[in-house]
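Below, all heavy atoms of this structure are taken into account, side chains as well, without hydrogens, waters or symmetry copies. Note on naming: letters A, B, ... go to the chains in the order of the sequence lines (proteins, then strands), and numbering restarts at 1 for each one.
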There are 2 protein chains.
Amino acid sequence: MQNPKNLSSYHHGNLKAALVDAYLELLSQSPAEKLSLRKLASHVGVAPTAVYNHFADKDALTTAVKARLLHHFADYLDSHCDPDESPETNLSRLSKAYFRYSIEHQQFFQIIFQQPKVIENVTDELIAAGMRAEEQLRKTVVALLEHHGIPISQYNEGLGAFACWSLAHGVTTLATIHVNRAACGFNRWPPQFMLDSEAAVNQAFDDLTRVLVAGVLAAARSEIAN
Amino acid sequence: MQNPKNLSSYHHGNLKAALVDAYLELLSQSPAEKLSLRKLASHVGVAPTAVYNHFADKDALTTAVKARLLHHFADYLDSHCDPDESPETNLSRLSKAYFRYSIEHQQFFQIIFQQPKVIENVTDELIAAGMRAEEQLRKTVVALLEHHGIPISQYNEGLGAFACWSLAHGVTTLATIHVNRAACGFNRWPPQFMLDSEAAVNQAFDDLTRVLVAGVLAAARSEIAN
DNA sequence: CGCCGTTTATTTACAGCGTAAACTTACAAC
DNA sequence: GTTGTAAGTTTACGCTGTAAATAAACGGCG
């Protein structure tokens, strides 16, 4: 059980982790919706139903993968922050990174944020991983408030982090279903919101970050006044 | 072809529309991921493969359903606006309605905003329906800008609509994957962002709308200054 | 060491899925 | 009426997730 590898050919030794590994490996070859338990099992060299010794169902396996990917995502966000930069800049960088992750690691992003089939599969492990991803966002919001001399409260901090995450997530998920292309194609929105070039992405997220920063600061200040 | 109903038992007469109807009907009985072409076809009284005379594949059928649902969604949003109210109030109402729709019509919401399997299935009909849903959002943003004496530009209008839609969409989709419950459970965010009661929803969206309004106005004003 | 319960694998099997192919029926136009 | 086309049918294929019964190896105890 503790051994990473088992020499006998019958018992795999660490099938649970191996399945998650295999999932990620095969993901680079074919999209998530074509990944079957059978392919996974055969890639690991095990019978299809062996999976059920470690996961209640396919969705439970996916949850384990999600948790792993959320750490990958959190690392990605972290690596795009620079403590020497201003909070505004970092907020902008974070939201751009959020979006770019959904492009560079499209498969990963989709899996991370797809709905769990049943709520029982929302494990503590998954939640903890999710909170790790949120941390950099919230920290940056705190830095922003401090930078503007606004006293930190759970409300200010939470509202900022919530708004920031939601905006980045909303932009990104709308973009993946081609809403931006449609709205810009119909001249509803200015062309940079098409998000179809490096420059457009940068400009759009700078604009959105300005909106967010101004909004969060204004809300925080008015909360103090009360 | 033009006839809504055909008396012969062989040719259905209007199978295309009937399939979409059946999809919506069956949706109230079982969730979308359990809806098979076979069930749909048998509910309409037709062989499973008859579907392929009208839709390229299952995803194409789903696209037609999406378009119908988007109009339903747009109606819902429209009905929660009141031209006699202030733009701020309407913006708040719109985002609450956005969220509530995802609760009251969970199945519908999921279908509307799920990713199309192939881009060919993003029909003009679907895009047009999407733009209809965006209209009320953008109109309200325009009213907001006018109300504050800010000259309308495609940029102001588009940025506001984009930010507004993204924020509402982000909040809603994050909530459906239980992010709010997690963040509030871990005391990361204040409890009203759990969004688990009427009062919490109202307060949270009022707060978020304040952020958004302040941000959009500030961004629009600074754009004028340049 | 030998026994034995538990864990982890295997084989087999089932019901269901999306959809391709070949065939049939009905309608519409000449 | 004949004929081409649109819209149905039947049959079949390969695939899916997963339940059930079975077999193998591990871990601990006498």
Starting the side chain at C-beta, find the nucleotide from [options] nearest to [X].
X: A:Lys58; options: D:dG17, D:dA20, C:dG18; answer: D:dG17
X: B:Ala47; options: D:dT18, D:dT9, D:dA12; answer: D:dT9
X: A:Leu37; options: C:dG18, D:dA19, D:dG17; answer: D:dG17
X: B:Lys39; options: D:dA19, C:dC17, D:dG8; answer: C:dC17
X: A:Tyr52; options: D:dT10, C:dT19, D:dT18; answer: D:dT18
X: B:Ala50; options: D:dG8, C:dT11, D:dT18; answer: D:dG8

Report task. Answer yes when A:Asp78 and A:Arg132 have at least one side-chain N-carboxylate O distance shorter than 4.0 Å, and no when they do not. Result ->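 Result for this pair is yes, salt bridge flagged.
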Query - Pair B:Glu125 + B:Arg68: basic N to acidic O under 4.0 Å - result: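 No, B:Glu125 and B:Arg68 are not salt-bridged.
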Could you check if a side-chain atom of [X] sits within less than 4.5 angstrom of a side-chain atom of [Y], using non-hydrogen atoms only?
X: A:Leu94; Y: A:Leu137; answer: yes
X: B:Asn53; Y: B:Leu15; answer: no
X: A:Thr209; Y: A:Lys96; answer: no

Query raised in the report: When only distance counts, do a donor and an acceptor, one from the side chain of B:Asn53 and one from the base of D:dA6, lie under 3.5 Å apart?
Result: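 No pair found.
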Requested in this report: Report yes or no: is there a donor-acceptor pair, N or O only, under 3.5 Å between the side chain of B:Arg38 and the base of C:dG16?
Outcome: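 No.
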Report task. Determine, stepwise, if the pair B:Leu19 / B:Leu37 fulfils side-chain contact (heavy atoms from CB on, under 4.5 Å). Result -> CA-CA 9 Å; B:Leu19 283 168; B:Leu37 287 186; over 6 Å; no
Atom [atom1] of [X] to atom [atom2] of [N]: distance rounded to whole Å?
X: B:Leu19; N: C:dT19; atom1: CG; atom2: P; result: 14 Å
X: A:Asp57; N: D:dT18; atom1: CG; atom2: P; result: 5 Å
X: A:Leu40; N: C:dA9; atom1: CG; atom2: P; result: 14 Å
X: B:Asp59; N: C:dC17; atom1: CG; atom2: C1'; result: 16 Å
X: A:Asn14; N: C:dT7; atom1: CG; atom2: P; result: 17 Å

Query raised in the report: Does D:dA6 have OP1 or OP2 sitting under 4.0 Å from an N or O in the side chain of B:His54?
Result: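 So the side chain of B:His54 is outside the cut-off, no N or O lying under 4.0 Å from OP1 or OP2 of D:dA6.
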Requested in this report: Would you indicate whether A:Asp82, at its atom CG, is surrounded by more than 12 heavy atoms from other residues, nucleotides or ligands within a distance under 6.0 Å?
Outcome: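 It does: A:Asp82 CG has more than 12 such atoms within range.
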Query raised in the report: Near DNA chain D, under 4.0 Å by heavy atom, which residues of residues 22-36 of chain A?
Result: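 Only A:Leu35, A:Ser36 qualify.
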